[in-house]
Colleague: 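I'd like to ask some things about the structure below.
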Amino acid sequence: MKIVKLKKTNLFLFLEIISKEADFWAPVKKSPDKHIFEVIEDFSKINLDYTRTILPPKKIMLPSDFNMFQASNTKYTPDFSHVSKKIIFGIHPCDIHALVIMDKFYSHEYNDPYYQKARDNTLILGHSCWPDEYCMCKSTHTHVVKEGYDLFFTDLEDTYVVWIGSSRGDDLIRLKPELFDEDLTDKDIQNFSQRREERDKAFTNDINFEAMPDLMELKYQNLLWDKLGEACLACGSCTNVCPTCNCYNVEDKPILGKNCSNISRCWDSCTLENYSGVAGGENFREKRSDRLKLFYTHKLQSYISKYGKPACVGCGRCVVTCPVDINVYTVSKSLDNEEVDTFWNRLSKEVTK
Ligand code: SF4
Ligand code: SF4
């Protein structure tokens with residue numbers, strides 16, 4: 001892998017040059033503690049001082065609702081209008097790992113052209129990060145990244161160490177090669193190692209993800225799930241914000257007077273009541289507790305059995321989002337018999353008083 005250096009003062013100049021032929025997305029600050037990925041026209045709006053965005057970059061790859069094709073009795077017209085040339089800058093390692101999980105999911109048994117075309121047209125420019133108290137990526141081993149990006153920028157105060165992860169990334173550097181320096185000094189390498197060591201020490205959470213597949217199995221009938229089901233609002237926020245959640249629904253939207261329909265696709269959530277509904281009015285997971293079991297089986301057990309790692313990248317979004325404290329941290333700790341102070345634990349104590 002090729003590694004080069006870029007002076008921080010040259011970052012925006014480089015970004016402006018590479019953004020000419022593509023929609024350029026980057027994090028911007030929306031409120032004191034909320035960031036989002038947005039299309040950038042004014043580069044001074046980019047704010048890299050963030051931990052996690054409200055929604056992950058999956059919203060850029062596959063929007064929450066888009067048209068897949070138009071169908072009539074005689075004709076099928078695919079619609080790829082959600083696809084355009086894009087560059088996403090400022091993605092953190094956990095979100096890059098999530099994209100790699102998405103890549104696997106959407107190409108495993110069937111190649112999803114709607115995802116694939118969008119992904120092929122998108123360049124990923126990662127950026128280093130610093131954890132807060134909700135980050136769990138060290139436990140999921142997603143705090144460092146080795147694949148899934150075209151360029152990765154590690155912040156070393158006045159310099160970036162830039163990792164070139166693909167030939168497309170190399171092409172970007174070649175648009176303005178004089179901005180980059182190929183000679184990394186011993187001092188640069190020392191600074192890099194020191195930063196990495198300090199960053200690793202800054203994590204305050206530690207979850208035993210290795211134990212989760214067995215604990216999910218052993219505690220599948222545990223009363224914990226009833227407690228969680230009592231508290232869950234079935235709002236679907238956890239799956240919307242999760243960078244690895246990929247379930248979707250397909251809707252047939254008839255166009256009146258034209259004898260055809262638009263077939264659209266929108267994000268779905270396994271925590272919503274209708275998710276497991278079938279024709280005839282039956283529902284295989286009417287209880288909220290059953291739906292939460294499905295979510296956590298996917299995150300903590302089945303993906304590990306198949307791919308050797310959890311379908312959680314430790315981004316902490318479910319932790320900061322769920323209004324009743326049901327998240328991968330509190331559920332994992334509870335499965336591991338640790339006391340956690342949560343809304344749902346306090347609720348169940350109230351009920352049993
Ligand atoms: S677990 Fe939390 S975020 Fe998810 S559906 Fe239930 S209440 Fe909403
Ligand atoms: S389960 Fe929670 S912490 Fe894990 S990837 Fe999804 S939102 Fe992030």
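As a basis for the values below, the full set of heavy atoms in this structure was taken, side chains included, without hydrogen atoms, waters or symmetry mates. Both counts, for ligands and for their atoms, begin at 1 and track the order of listing. Small disclaimer: the values here were computed from a predicted structure and weren't measured.
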Colleague: In this structure, are over 12 heavy atoms from other groups packed under 6.0 Å from R196 atom CZ?
Modeller: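 Not buried by this count: 12 neighbours or fewer within 6.0 Å.
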Colleague: Quick one: nearest non-hydrogen protein atom to atom 3 (S) of ligand 2, plus distance?
Modeller: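 Residue, atom and distance for the closest contact: G316 N, 3.3 Å.
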Colleague: How many protein N, O or S atoms sit closer than 2.8 Å to atom 6 (Fe) of ligand 1?
Modeller: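 Excluding waters, the total comes to 1.
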Colleague: Less than 4.0 Å between a side-chain N and a carboxylate O, is that true for D132 and R52?
Modeller: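 Result for this pair is yes, salt bridge flagged.
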Colleague: Of all the atoms in ligand 2, which lie at a distance below 4.0 Å from a heavy atom belonging to C242?
Modeller: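 So the atoms of ligand 2 that pass are 5 (S), 6 (Fe), 7 (S).
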Colleague: Suppose we measure from atom 4 (Fe) of ligand 2 to each protein heavy atom; which comes out shortest, and what is that distance?
Modeller: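 For this ligand atom, the closest protein heavy atom is C312 SG, 2.3 Å.
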Colleague: Does a side-chain N-to-carboxylate-O contact under 4.0 Å join R317 and D95?
Modeller: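 A salt bridge links R317 with D95.
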Colleague: When the ring planes of H92 and H127 are compared, do they come out parallel, tilted or perpendicular, using 30° and 60° as the limits?
Modeller: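 The arrangement is tilted - the two ring planes meet at 30° to 60°.
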Colleague: Could you tell me whether K30 and E38 make a salt bridge, using a distance below 4.0 angstrom between a side-chain N and a carboxylate O?
Modeller: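 E38 and K30: salt-bridged.
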Colleague: Over 60° means perpendicular and under 30° means parallel, so tell me whether Y76 and F69 are parallel, tilted or perpendicular.
Modeller: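 Tilted: the ring planes of Y76 and F69 meet at 30° to 60°.
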Colleague: Using the ring of each side chain (for Trp, its six-membered ring), is H298 parallel, tilted or perpendicular to Y303, with breaks at 30° and 60°?
Modeller: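 Perpendicular.
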Colleague: Looking at D112 and R265, is any side-chain nitrogen of the basic one under 4.0 Å from a carboxylate oxygen of the acidic one?
Modeller: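 A salt bridge links R265 with D112.
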Colleague: Counting non-hydrogen protein atoms only, what is the nearest one to atom 2 (Fe) of ligand 2? Give residue, atom name and distance.
Modeller: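 Closest protein heavy atom to atom 2 (Fe) of ligand 2: C318 SG, 2.3 Å.
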Colleague: Just let me know how V313 lines up against ligand 2, side chain, backbone, both or neither, with a heavy-atom cut-off below 4.0 Å.
Modeller: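 Within the 4.0 Å criterion, V313 contacts ligand 2 through backbone and side-chain atoms alike.
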Colleague: With a 4.0 Å cut-off on N to O distance, would you call D206 and K138 a salt bridge?
Modeller: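 The answer is no: the pair does not qualify as a salt bridge.
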Colleague: Do any of the N, O or S atoms of C315 sit under 2.8 Å from atom 4 (Fe) of ligand 2?
Modeller: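 C315 does not place any N, O or S atom closer than 2.8 Å to atom 4 (Fe) of ligand 2.
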